[in-house]
Visitor: 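One structure follows; several queries about it will come next.
We count ligands from 1, going down the list as the structure has it; atoms in each ligand are counted the same way.
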Amino acid sequence: MQNKDIVLLAVESSCDETAASVVKNGREVLSNVIASQIELHKLYGGVVPEIASRKHIENINQVIERALREADMAIRDVDGVCVTYGPGLVGALLVGVGAAKAISYAAGKPLVGVHHIEGHISANYICHKDLEPPFLCLVVSGGHSHLVKVRDYGEYELIGRTRDDAAGEAFDKVARSIGLGYPGGPKIDALAPQGDKEAISFPRASVEGAPYDFSFSGVKSAVLNYINGCKMKGIGYSQADIAASFQEAVTDVLVSHTMLAAEEYGMNKVAMAGGVACNHALRAKMNAACGERGYRLYYPEPIYCTDNAAMIGSAGYYEYRKGRRDGWDLNAVPGLKLV
Ligand code: KG4
Ligand code: ZN
């Protein structure tokens with residue numbers, strides 16, 4: 001049992017949210033500040049990296065100051081500074097890494113670099129105080145679709161991954177193609193209940209010889225072909241039916257692969273993480289599948305599913321306890337691997 005509380009300041013800027021948080025002992029969130037750039041990127045139909053970096057620069061100091069203020073702390077009160085250093089957009093990551101390095105240097109606090117996906121997985125520790133490894137985690141975000149066996153804190157085995165588009169990316173692209181705008185995931189989620197999920201049969205792709213891998217480019221193309229087919233025939237199509245049928249195809253695959261892996265790897269605790277883990281259909285389907293098999297299902301509250309710094313503070317805590325310390329040469333690594 002540890003005898004002293006560990007309080008960490010965490011910074012996240014890998015994509016389009018500038019975020020900072022103060023987290024105690026990896027599980028207790030003392031503040032969670034998120035400056036979202038969604039409204040700005042909506043104008044362009046997706047994240048524009050150059051604009052994201054500039055906005056992070058504008059926001060980062062205020063966001064960090066606010067996170068400390070809301071936690072009622074000064075920088076001298078924290079035990080260390082952790083920051084996402086990859087994967088993500090290089091220019092965006094560099095803003096957080098630069099800020100975290102400057103603060104930790106000036107305040108004489110240890111610096112801990114954190115993997116963004118490790119952060120998403122760790123969001124579950126914040127929302128489920130009793131959750132401990134080992135467990136299986138489906139990580140589904142805008143940039144990643146991974147099936148990960150969490151062996152222990154900070155110890156991962158990659159069981160499956162996407163061969164092309166990430167699940168969130170497919171949601172965003174399909175939403176754009178049916179005119180729903182950015183970000184598409186929440187819009188498809190909201191529209192789908194008004195449609196018929198059996199109206200259109202979209203493909204459920206598997207990768208030969210890799211039963212836990214995903215491929216979402218086929219279903220995305222099938223949606224585009226369906227729309228083009230309707231246009232060529234001069235017939236209208238229902239946005240809601242497409243949203244519902246597409247969501248059904250993607251969530252079917254996510255759930256069936258996760259269940260297959262849970263069985264094969266003997267895992268009776270299943271977690272989800274990342275922005276797509278907010279999806280209502282996915283949550284309901286995964287709940288039913290886990291219920292049938294007697295597995296316990298965990299997923300974070302929506303605010304901890306999408307990008308935030310509290311999850312980085314949680315992952316950073318376990319890295320800090322294992323002794324990870326980074327030097328002033330910590331750099332952004334856009335393609336950083338989990339294992
Ligand atoms: O984890 P996240 O905030 O950022 C990355 O690390 O990529 O995930 C963002 C992604 C976007 O693609 C967004 O459309 C998707 O998560 N998303 C959703 C939902 N909410 C966010 N996808 C489906 N249903 C949702 N409710
Ligand atoms: Zn993310």
Side-chain angles (χ1 to χ4, degrees), residues 10-19 21 32 34-38 41-42 45-47 49 52 83-89 92-93 96 114-124 137-146 148 161-162 165-178 180-193 195 197 214 216 219-220 243-244 246-255 271-286 299-312 314-315 334-336 338:
V11 177
E12 153 67 40
S13 69
S14 66
C15 190
D16 60 347
E17 331 275 0
T18 320
S21 171
N32 185 30
I34 305 169
S36 174
Q37 304 177 6
I38 284 181
H41 296 287
K42 252 184 195 169
V47 178
V83 61
T84 308
Y85 72 108
L89 302 169
L93 287 164
V114 175
H115 193 291
H116 183 76
I117 298 300
E118 187 172 358
H120 274 302
I121 295 170
S122 304
N124 282 289
C137 190
L138 173 71
V139 187
V140 269
S141 70
H144 306 271
S145 299
H146 285 347
V148 179
R161 63 185 171 85
T162 182
D165 291 352
E169 197 179 348
F171 268 94
D172 293 338
K173 287 177 178 168
V174 164
R176 193 182 312 154
S177 69
I178 57 175
L180 294 180
Y182 176 84
K187 298 201 164 144
I188 289 187
D189 192 355
L191 182 62
K197 61 187 186 205
F214 302 103
F216 296 114
V219 62
K220 178 192 69 188
F246 160 78
Q247 181 173 270
E248 184 70 2
V250 171
T251 54
D252 265 358
V253 172
L254 292 174
V255 173
M272 298 199 289
V276 184
C278 293
N279 186 269
H280 290 86
L282 177 62
R283 288 179 172 211
K285 223 178 261 189
M286 196 68 93
Y299 44 76
E301 288 163 39
I303 192 70
Y304 295 118
C305 283
T306 47
D307 288 348
N308 65 89
M311 68 184 198
I312 302 303
S314 176
L336 186 66
L338 184 63

Visitor: Side chains of Val83 and Ile312, heavy atoms from C-beta outward: is any pair under 4.5 Å?
Guide: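 Val83 vs Ile312: side chains apart.
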
Visitor: Mind checking side-chain contact (heavy atoms from CB on, under 4.5 Å) for Ala19 and listing every partner two or more places apart, or none if nothing turns up?
Guide: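 Once residues adjacent in sequence are excluded, the partners of Ala19 under the side-chain contact (heavy atoms from CB on, under 4.5 Å) criterion are Glu12, Ile34, Ala309.
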
Visitor: List for me each residue that meets ring-ring contact (aromatic ring centres under 6.0 Å, His included) alongside Phe214, sequence neighbours excluded, and say none if there are none.
Guide: Phe216, His257

Visitor: Which residues and atoms, counting only protein N, O or S, are under 2.8 Å from the Zn ion (ligand 2)?
Guide: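 Under 2.8 Å from the Zn ion (ligand 2) - ignoring waters, which are not counted - the protein N, O or S atoms are His116 NE2, His120 NE2, Asp307 OD1.
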
Visitor: Is His120 close enough to touch ligand 1? Criterion: a residue heavy atom under 4.0 Å from a ligand atom.
Guide: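 Under 4.0 Å: yes for His120.
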
Visitor: Flag the pair Ser145 / Val139 as yes when at least one side-chain heavy-atom distance between them is below 4.5 Å, and no otherwise.
Guide: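 They are not in side-chain contact.
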
Visitor: List every atom of ligand 1 that sits less than 4.0 Å from any heavy atom of Gly168, numbering the atoms from 1 in the order shown and giving each element.
Guide: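 This gives 12 (O) as the contact atoms.
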
Visitor: So, does His120 use its side chain to make a donor-acceptor pair with the main chain of Met311 at under 3.5 Å?
Guide: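 It does not hold such a pair.
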
Visitor: Out of Asp172, Asp16, Val139, who gets a non-hydrogen atom closest to atom 13 (C) of ligand 1?
Guide: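 It is Asp172 that holds the nearest heavy atom.
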
Visitor: Heavy-atom distances under 4.0 Å decide this one: backbone, side chain, both or neither, for Val276 against ligand 1?
Guide: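 Both backbone and side chain.
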
Visitor: Counting neighbours of NZ on Lys285 that are heavy atoms of other residues, nucleotides or ligands and sit closer than 6.0 Å, is the number greater than 12?
Guide: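 Yes, enclosed.
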
Visitor: Among all protein heavy atoms, pick the one closest to atom 18 (C) of ligand 1 and tell me residue, atom and distance.
Guide: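 Protein heavy atom at minimum distance: Gly185 CA, 3.5 Å.
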
Visitor: What is the closest protein heavy atom to atom 3 (O) of ligand 1, and at what distance does it sit?
Guide: Asp307 N, 3.1 Å

Visitor: Give me the nearest non-hydrogen protein atom to atom 24 (N) of ligand 1 as residue plus atom name, then the distance to 0.1 Å.
Guide: Asn279 ND2, 3.0 Å

Visitor: Can you report which non-hydrogen protein atom sits closest to atom 20 (N) of ligand 1, along with the distance?
Guide: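 The protein heavy atom lying closest is Gly275 O, 3.3 Å.
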
Visitor: Please work out, at 4.0 Å between heavy atoms, whether the side chain, the backbone, both, or neither of Asp189 comes within that distance of ligand 1.
Guide: side chain

Visitor: When you measure from the heavy atoms of Gln247 to every atom of ligand 1, does any distance fall below 4.0 Å?
Guide: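 No heavy atom of Gln247 comes that close to ligand 1.
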
Visitor: Starting from the C-alpha separation in whole Å, work towards a yes-or-no answer on side chain to side chain contact (heavy atoms under 4.5 Å, CB included) for Tyr304 and Asn32.
Guide: CA-CA 10 Å; Tyr304 295 118; Asn32 185 30; 3.4 Å; yes

Visitor: Using the test side-chain contact (heavy atoms from CB on, under 4.5 Å), find all partners of Glu169 that sit at least two apart in sequence or belong to another chain.
Guide: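 Testing Glu169 for side-chain contact (heavy atoms from CB on, under 4.5 Å), a comparison that skips the adjacent residues, returns Asp165, Ala166, Lys173.
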
Visitor: Taking the non-hydrogen atoms of Cys305, is any one of them nearer than 4.0 angstrom to ligand 1?
Guide: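 Yes, that is the case, since the closest heavy atom of the residue is under 4.0 Å from the ligand.
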
Visitor: Could you tell me whether the side chain of Asp189 reaches within less than 4.5 Å of the side chain of Gln247, counting heavy atoms only?
Guide: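 Yes. Closest side-chain heavy atoms under 4.5 Å.
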
Visitor: Quick one: look at His280 and ligand 1, take heavy-atom pairs under 4.0 Å, and tell me if it's side chain, backbone, both or neither.
Guide: neither

Visitor: Distance under 4.0 Å to a non-hydrogen atom of Thr306: what atoms of ligand 1 satisfy this?
Guide: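 Answer, ordered by atom number: 3 (O).
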
Visitor: Quick test: of every protein heavy atom, which one is nearest to atom 10 (C) of ligand 1, and how far off is it to 0.1 Å?
Guide: Gly142 N, 3.4 Å

Visitor: Any heavy-atom pair between the side chains of Tyr85 and Leu93 that's under 4.5 Å?
Guide: no

Visitor: Are Pro334 and Pro87 close enough that some pair of their side-chain heavy atoms sits under 4.5 Å apart?
Guide: no

Visitor: So if I count the atoms of ligand 1 from 1 in the order they appear, which ones are less than 4.0 Å from some heavy atom of His116?
Guide: 6 (O)

Visitor: Can you tell me if Gly143 has a non-hydrogen atom under 4.0 Å from ligand 1?
Guide: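 In this structure, Gly143 qualifies as a contact of ligand 1 - some heavy atom is under 4.0 Å.
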
Visitor: Could you please spell out the steps behind the side chain to side chain contact (heavy atoms under 4.5 Å, CB included) verdict for Asn279 and Arg283?
Guide: CA-CA 6 Å; Asn279 186 269; Arg283 288 179 172 211; 6.0 Å; no

Visitor: Closer than 3.5 angstrom, by distance alone: can the side chain of Asn124 be matched with the main-chain N or O of Ile121 as a donor-acceptor pair?
Guide: yes

Visitor: Tell me, do Ser13 and Thr84 make a side-chain contact under 4.5 Å, heavy atoms counted?
Guide: no

